[in-house]
Amino acid sequence: MHCDLLSEAWSLVQISLRFKSQQNSTMASEIDHDDEGLPLLRSPHSGLIVETQQEHKSRWWSIRVMYLTMFLSSVGFSIVVTSIWPYLQKIDPSADTSFLGWVIASYSLGQMVASPLFGLWSNHRPRREPLVVSISILIAASCFYAYVHVPASHNKYYMLSARALVGFGSGNVAVVRSYVAGATSLSERTSAMANISAFQALGFILGPAIQAIFTLIGEVGVTFKAIDLQVNMYTAPSLMGALLGVVNIVLIFVIFREHRVDDHGRHLASINYDSEGNYTVMCSHLL
């Protein structure tokens, strides 16, 4: 009798093992299927499927757009910093070195004021809104900087205002960092945040190099009388920054999507958005 029970138990174990083997082979064949809609990526910690290949690509392309945004924020500071003093003396000879210090510091002051405001905004609304608004301010301020020579007097104060607005438009640094921190798993976060810092440093380094290239245009440059615009070695870097800002906004609308994951990479609902589709529907109802 005991032998019969053991034989039946052993048969049940064999059936169970055979069933698990078939189940694993079926799952492997599904994972090998080249369809971006299938769940392909698993958490290294729990072994659970956390996102599809399409979600993974969308999430990382959105993070790369944030890399570009951080790069442009730092370029906005460094791309004209080496030419501010000669340009300031050219447009307003009454400016002294003390005022030059205020012009350079105004960028940081503007960024200091804007960072908590944009951060608070991004806590309650989709991050696309503060990003687009801040970059739009950066574009307008960069164009304003190219026109500070036009007024008949007080040009140094116009330059001070332009640099403060550029700093204010660069106040999206907190939004960028918070998005990248929330859109990465624990294993991805260190490298992603390091890349953010690397792109920020790269912007500070390449800014003066870009300015040096534009010195080939010379102080006279080209004048467009219809719009009273002088494109010279002082204004061309600022205009280039504005153009890059336009490209950044286009990428935010075309590529950037809201993503939020937990420490294991599982997608979570966010407190400031439901989903891209629901957000679009909500906006259409409001309009």
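Bear in mind the structure is a predicted one, so any value in this text is a computation, not a measurement.
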Donor on one side chain, acceptor on other, [X] and [Y], under 3.5 Å:
X      : Y      : answer
Tyr147 : Asp228 : no
Tyr107 : Ser170 : yes
Gln200 : Ser74  : no

How far apart are the closest heavy atoms of [X] and [Y], and which atoms are they?
X      : Y      : value
Ala242 : Ile139 : O-CG1, 3.7 Å
Val176 : Leu131 : CG2-CD2, 4.1 Å
Ser58  : His259 : OG-NE2, 2.9 Å

Donor-acceptor contact present, side-chain Arg163 to main-chain Val103, <3.5 Å = no

Counting only N and O atoms by type, is there a donor-acceptor contact under 3.5 Å from the side chain of Ser73 to the main-chain atoms of Thr69?
-> yes

Measure from NZ or CZ of Arg64 to the centre of the six-membered ring of Trp61, then state whether that distance is under 6.0 Å and the direction lies within 45° of the axis.
-> yes

With side chain to side chain donor-acceptor pair (under 3.5 Å) as the test, would you mind laying out the steps for Glu188 and Ser185 before giving the verdict?
-> CA-CA 5 Å; Glu188 299 169 334; Ser185 65; 3.3 Å; yes

[X] versus [Y]: any side-chain heavy-atom pair under 4.5 Å?
X      : Y      : result
Phe204 : Phe71  : no
Arg59  : His56  : yes
Val231 : Leu229 : yes

Is any side-chain N of the basic residue among Glu258 and Arg128 closer than 4.0 Å to the acidic one's carboxylate O?
-> no

